[in-house]
Amino acid sequence: MPELPEVEVVRRGLNDFVVGRRIADVTVMDVRSVRRHELGAANFIDQTTGRTVQAVRRRGKYLWLVLDDGSSILTHLGMSGQALIAKPQVPDPRHLRIRFTLDDGNELRFVDQRIFGGMFVGEGDPPAEISHIAPDPLDVAFDDTDFVQRLRAKRTGVKRAILDQKLVSGVGNIYADEALWRSRLHYARESNTLSKAKGLELIGHLREVMTEALAQGGTSFDALYVNVNGESGYFERSLAAYGREGEPCDRCGTPIVREPFAGRSSHFCPRCQRKR
DNA sequence: ATCGTAGCCTGGTAGC
DNA sequence: TGCTACCAGGCTACGA
């Protein structure tokens with residue numbers, strides 16, 4: 001599934017192919033992919049057709065195409081979304097939901113199997129609609145000290161805290177588990193019991209694991225076909241905790257444990273990552 | 001105000 | 001074999 005590094009790869013690919021392009025035509029194949037556009041699919045088409053894309057930006061896992069009238073096409077890939085650039089003669093993929101025909105003949109295709117993602121028009125740059133989304137660890141504007149202060153002010157488990165997009169964006173289940181493993185922290189450790197130093201270590205590991213994944217993910221994607229299937233690429237081989245239930249911890253050899261957490265799973269080493 | 005969770009979705013797979 | 005149940009995941013709305 002697309003994580004922050006994959007979304008950044010998508011952003012770079014879109015930047016190469018859609019900036020300066022005029023959107024000549026828009027087709028919405030499945031209205032559920034624009035359900036966050038409150039005025040409906042027809043209005044989404046009206047607001048985007050004829051506009052020229054000026055930039056492609058990202059915060060966390062949100063992408064937005066800046067348009068020439070000051071609005072933006074906000075995009076979230078959810079867990080199965082893809083943004084692909086293709087020639088019209090390339091057959092439509094099975095789960096094509098939205099098609100943008102560009103003035104150079106290319107198509108920007110929004111493909112999404114599970115429809116957790118979607119597109120909608122927002123206002124401004126960054127759009128007001130994502131003003132509640134915190135900077136992500138790869139943002140130069142990210143403030144580590146402020147992050148640690150707010151992390152320690154929360155009264156919840158540390159994993160739940162770093163999955164909170166209002167505290168830090170772009171962190172998903174995979175990177176949360178990996179950064180916690182690197183920091184030797186139990187997922188349910190109360191965030192308000194962390195030292196400042198441990199908080200700084202945690203954000204450092206988050207940034208480190210995302211940077212590594214971006215470097216590796218960046219080599220596994222073709223620019224013309226922006227494949228955002230997280231199952232491919234090199235990063236999966238680098239995982240120390242996520243998806244490794246029963247396999248030995250890279251540090252101490254103890255089998256990695258998986259526990260239910262918030263309707264999904266947490267993977268951790270029961271020896272290296274004790275709660276206290 | 002803050003925290004925790006139901007619900008949105010599809011396709012693959014486990015279990016019967 | 002064909003059916004059902006369940007799982008994966010990010011995010012928002014909403015209840016406590």
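Hydrogens, waters and symmetry mates play no part in the numbers below; they use all other heavy atoms, side chains included. Letters A, B, ... mirror the listed sequences (proteins, then strands); counts begin at 1.
Residues that satisfy the side chain to side chain donor-acceptor pair (under 3.5 Å) test with A/D177, not counting sequence neighbours, are A/K159, A/H267. Under the rule for a ring-ring contact (aromatic ring centres under 6.0 Å, His included), A/F116 has no partner lying at least two apart in sequence or in another chain. With sequence neighbours left out, the ring-ring contact (aromatic ring centres under 6.0 Å, His included) criterion links A/F120 to no other residue. Every ring-ring contact (aromatic ring centres under 6.0 Å, His included) that A/H186 has, sequence neighbours left out, goes to A/F268. Residues that satisfy the side chain to side chain donor-acceptor pair (under 3.5 Å) test with A/E259, not counting sequence neighbours, are A/Y187.
Residue pairs meeting the ring-ring contact (aromatic ring centres under 6.0 Å, His included) criterion with at least one partner in residues 61-113 of chain A, sequence neighbours excluded, are A/Y62-A/H76.
The CZ atom of A/R36 sits 9 Å away from the P atom of C/dC11 (whole-angstrom rounding). In this structure, CZ of A/R35 is placed 12 Å from P of C/dA13, rounded to the nearest angstrom. As a whole-Å value, the separation of A/L167 CG from C/dC11 P is 14 Å.
A donor-acceptor contact shorter than 3.5 Å links the side chain of A/R58 to the backbone of A/G60. Although no hydrogens or angles enter the test, the distance criterion places no donor-acceptor pair under 3.5 Å between the side chain of A/E201 and the main chain of A/A197. Looking only at distances, a side-chain donor or acceptor of A/R59 sits under 3.5 Å from a matching main-chain atom of A/I130. Although no hydrogens or angles enter the test, the distance criterion places no donor-acceptor pair under 3.5 Å between the side chain of A/S71 and the main chain of A/L67. Without hydrogens or angle criteria, A/R264 side chain to A/N173 main chain gives no donor-acceptor distance under 3.5 Å. When atom types are taken as modelled, the side chain of A/S80 and the backbone of A/R114 share a donor-acceptor pair closer than 3.5 angstrom. Formation of a donor-acceptor pair under 3.5 Å by the A/R207 side chain with backbone atoms of A/T211 is not found in this model. With hydrogens and angles disregarded, a donor-acceptor distance shorter than 3.5 Å links the side chain of A/R97 to the backbone of A/Q113.
When DNA chain B is scanned 5' to 3' for any atom under 4.0 Å from a heavy atom of chain A, the first and last hits are B/dC3 to B/dG11.
Inter-axis angle, ends of the helix from B/dT2-C/dA16 to B/dC16-C/dG2, five pairs per end, rounded to 10 degrees: 60°.
The side chain of A/Y62 contributes an N or O atom lying less than 4.0 Å from OP1 or OP2 of C/dT12. Side-chain nitrogen and oxygen atoms of A/H76 include at least one within less than 4.0 Å of the OP1 or OP2 phosphate oxygen of C/dC11. For the OP1/OP2 pair of C/dA8 and a distance below 4.0 Å, the side-chain nitrogens and oxygens of A/R258 include at least one atom meeting the criterion.
Applying a 4.0 Å cut-off to non-hydrogen atoms, the residues of residues 111-123 of chain A that approach DNA chain B are A/Q113, A/R114, A/F116, listed by residue number. Of the residues in residues 126-161 of chain A, those placing a heavy atom less than 4.0 Å from an atom of DNA chain C are A/H132, in numerical order.
The distance from the CG atom of A/L108 to the OG1 atom of A/T75 is 7.5 Å, given to the nearest 0.5 Å.
Note on A/F261: nothing from the nucleic acid sits closer than 4.0 angstrom, heavy atoms only.
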Name the pairs: protein N/O against N/O of nucleotides 14-16 of chain C, kept only if under 3.5 Å.
none

For residues 20-27 of chain A, please give each side-chain donor-acceptor pair under 3.5 Å, one per line with the distance, not counting sequence neighbours.
residue, atom, partner, partner atom, Å
A/R21, NE, A/D103, OD1, 2.6

